[in-house]
Amino acid sequence: MRECHVLRPELFALVAPLRRMLKGRAGATMTLADQGVDLLLEGVGVEGLEATEAMVAFASANRLARLALDDGYGPQLLWEPEPVTITLSGIPVALPIGAFLQATADGEAALVAAMREAVGGATLVADLFAGLGTFALALSGKVYAAEGARDAVLALKAAGAGRGVFADHRDLFRRPLDVAELNRFEAVILDPPRAGAKEQSPNLAASSVPRLAYISCNPNTFARDAKLLTEGGYRLLWVKPVGQFRWSTHVELAACFMRD
């Protein structure tokens, strides 16, 4: 790969240095954080002082925000001059290694705008599969944010302190919110992984929540869940496709459901 019109220039600038530095097969995951490039190398082992110093020198020379290595036993932090953050809706959030983010700033802004439109003027909202708070931190009312990834919950809890966001470590596949819990909210946001929200959707369909904002990265599982919701009495008001992945067939979407 000699050129790329998809990656941000700050990320692609590391391809040539990585090619020179790495020997053999390896995986590289790069995220553009507030402090610079956050780099995770997979399948790379570092043994001994000399090899460790060489990796640290690489991180320093290329002004990395963070360097972590995963040799098969989980990420190990090697370099982080200052705490790495990602700014969401103007709020810096601690960025766990390998955390999920929207692919592009423009795509994120489009999804957040669609979510706000779907939620309307609701002031008590549940954000399910909340991640680091892409949607929870964009709201001004009180938000219950449920997320199964522990590191993400801790980061969101710290960022949302004093901002009306209550972050809850909860696996929504194993323990979805029941109808009584859901009925407390004026609106619910769903942003599940590609598997969708199969376990949560039946309880939502049986709830009295007035408005739902559904953000999906998989039209197939969205259609499955939307069928359950509409059979439960919700109307699908609109669907907005969002193309974050240039020159690919992958399309994300935002949808608004309302109960009569």
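The first residue in the sequence is number 1, and the count goes up from there. Small disclaimer: the values here were computed from a predicted structure and weren't measured.
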Which atom of [X] lies closest to which atom of [Y], heavy atoms considered:
{"X": "Val112", "Y": "Ala138", "value": "CG1-CB, 3.7 Å"}
{"X": "Pro192", "Y": "Tyr214", "value": "CG-OH, 3.5 Å"}
{"X": "Ala65", "Y": "Val84", "value": "O-CG2, 3.6 Å"}
{"X": "Glu108", "Y": "Thr134", "value": "CG-CG2, 3.8 Å"}
{"X": "Leu40", "Y": "Pro75", "value": "CD1-CB, 4.1 Å"}
{"X": "Ala118", "Y": "Arg211", "value": "O-NE, 2.6 Å"}

Ignoring hydrogens and angles, state whether a donor on the side chain of Ser216 or Glu252 is under 3.5 Å from an acceptor on the partner side chain.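 Looking only at side-chain atoms, Glu252 and Ser216 do not form any donor-acceptor pair under 3.5 Å.
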
Step by step, work out the side chain to side chain contact (heavy atoms under 4.5 Å, CB included) result for Gln200 and Leu182. CA-CA 10 Å; Gln200 186 64 76; Leu182 291 166; 3.7 Å; yes

Angle class for the Phe222/Phe257 ring planes (parallel below 30°, perpendicular above 60°, tilted otherwise)?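 Because their plane-to-plane angle lies in the 30° to 60° range, the rings of Phe222 and Phe257 count as tilted.
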
Side-chain contact, heavy-atom cut-off 4.5 Å: [X] with [Y]?
{"X": "Met30", "Y": "Leu14", "value": "yes"}
{"X": "Leu22", "Y": "Val44", "value": "yes"}
{"X": "Tyr234", "Y": "Ser207", "value": "yes"}
{"X": "Leu253", "Y": "Val242", "value": "no"}
{"X": "Thr221", "Y": "Lys198", "value": "no"}
{"X": "Leu101", "Y": "Ile86", "value": "yes"}
{"X": "Leu18", "Y": "Met21", "value": "yes"}
{"X": "Leu67", "Y": "Asp38", "value": "no"}

Any chance you could measure [X], atom [atom1], to [Y], atom [atom2], to the nearest 0.5 Å?
{"X": "Leu132", "Y": "Gln102", "atom1": "CG", "atom2": "CD", "result": "11.0 Å"}
{"X": "Leu156", "Y": "Arg163", "atom1": "CG", "atom2": "CZ", "result": "10.5 Å"}
{"X": "Met258", "Y": "Leu212", "atom1": "CE", "atom2": "CG", "result": "10.0 Å"}
{"X": "Arg66", "Y": "Leu39", "atom1": "CZ", "atom2": "CG", "result": "10.5 Å"}
{"X": "Leu204", "Y": "Leu177", "atom1": "CG", "atom2": "CG", "result": "8.0 Å"}
{"X": "Met55", "Y": "Leu78", "atom1": "CE", "atom2": "CG", "result": "7.5 Å"}

For [X], I'd like to know if atom [atom1] has over 12 heavy atoms of other residues, nucleotides or ligands within 6.0 Å.
{"X": "Arg19", "atom1": "CZ", "result": "yes"}
{"X": "Glu47", "atom1": "CD", "result": "no"}
{"X": "Arg63", "atom1": "CZ", "result": "no"}

Taking [Y]'s backbone N and O only, do any of them form a donor-acceptor pair with [X]'s side chain (distance below 3.5 Å, no angle check)?
{"X": "Ser60", "Y": "Val56", "answer": "no"}
{"X": "Asp225", "Y": "Ser201", "answer": "no"}
{"X": "Asp70", "Y": "Gly74", "answer": "yes"}
{"X": "Thr104", "Y": "Gly107", "answer": "yes"}
{"X": "Glu181", "Y": "Asp178", "answer": "yes"}
{"X": "Arg259", "Y": "Arg235", "answer": "no"}
{"X": "Glu186", "Y": "Thr123", "answer": "yes"}
{"X": "Asp127", "Y": "Ala136", "answer": "yes"}
{"X": "His169", "Y": "Gly148", "answer": "yes"}
{"X": "Arg170", "Y": "Pro176", "answer": "yes"}

[X]-[Y] co-clustered via ILVMFWY side chain contacts under 4.5 Å:
{"X": "Val143", "Y": "Val153", "result": "no"}
{"X": "Val119", "Y": "Leu137", "result": "yes"}
{"X": "Val125", "Y": "Ile215", "result": "yes"}
{"X": "Leu154", "Y": "Phe166", "result": "no"}
{"X": "Ile189", "Y": "Leu172", "result": "no"}

What residues form a ring pair (Phe, Tyr, Trp, His ring centres under 6.0 Å) with Phe245, not counting sequence neighbours? His250

Go through the structure and list residues passing ring pair (Phe, Tyr, Trp, His ring centres under 6.0 Å) with Phe129, not counting sequence neighbours.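 If we apply the ring pair (Phe, Tyr, Trp, His ring centres under 6.0 Å) test to Phe129, skipping adjacent residues, the hits are Phe173.
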
Thinking salt bridges, do Glu117 and Lys240 make one under a 4.0 Å N-O criterion?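 Looking at Lys240 together with Glu117, the answer is yes, because their closest N to O distance falls below 4.0 Å.
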
May I have the step-by-step check of side chain to side chain contact (heavy atoms under 4.5 Å, CB included) for Thr87 and Val93, ending in yes or no? CA-CA 6 Å; Thr87 296; Val93 183; over 6 Å; no

Assess the residue pair Gln35 and Thr85 against the criterion (side chain to side chain donor-acceptor pair (under 3.5 Å)); give the C-alpha distance rounded to whole Å, side-chain angles, the decisive distance to 0.1 Å, and a yes or no. CA-CA 7 Å; Gln35 293 75 19; Thr85 61; 3.0 Å; yes

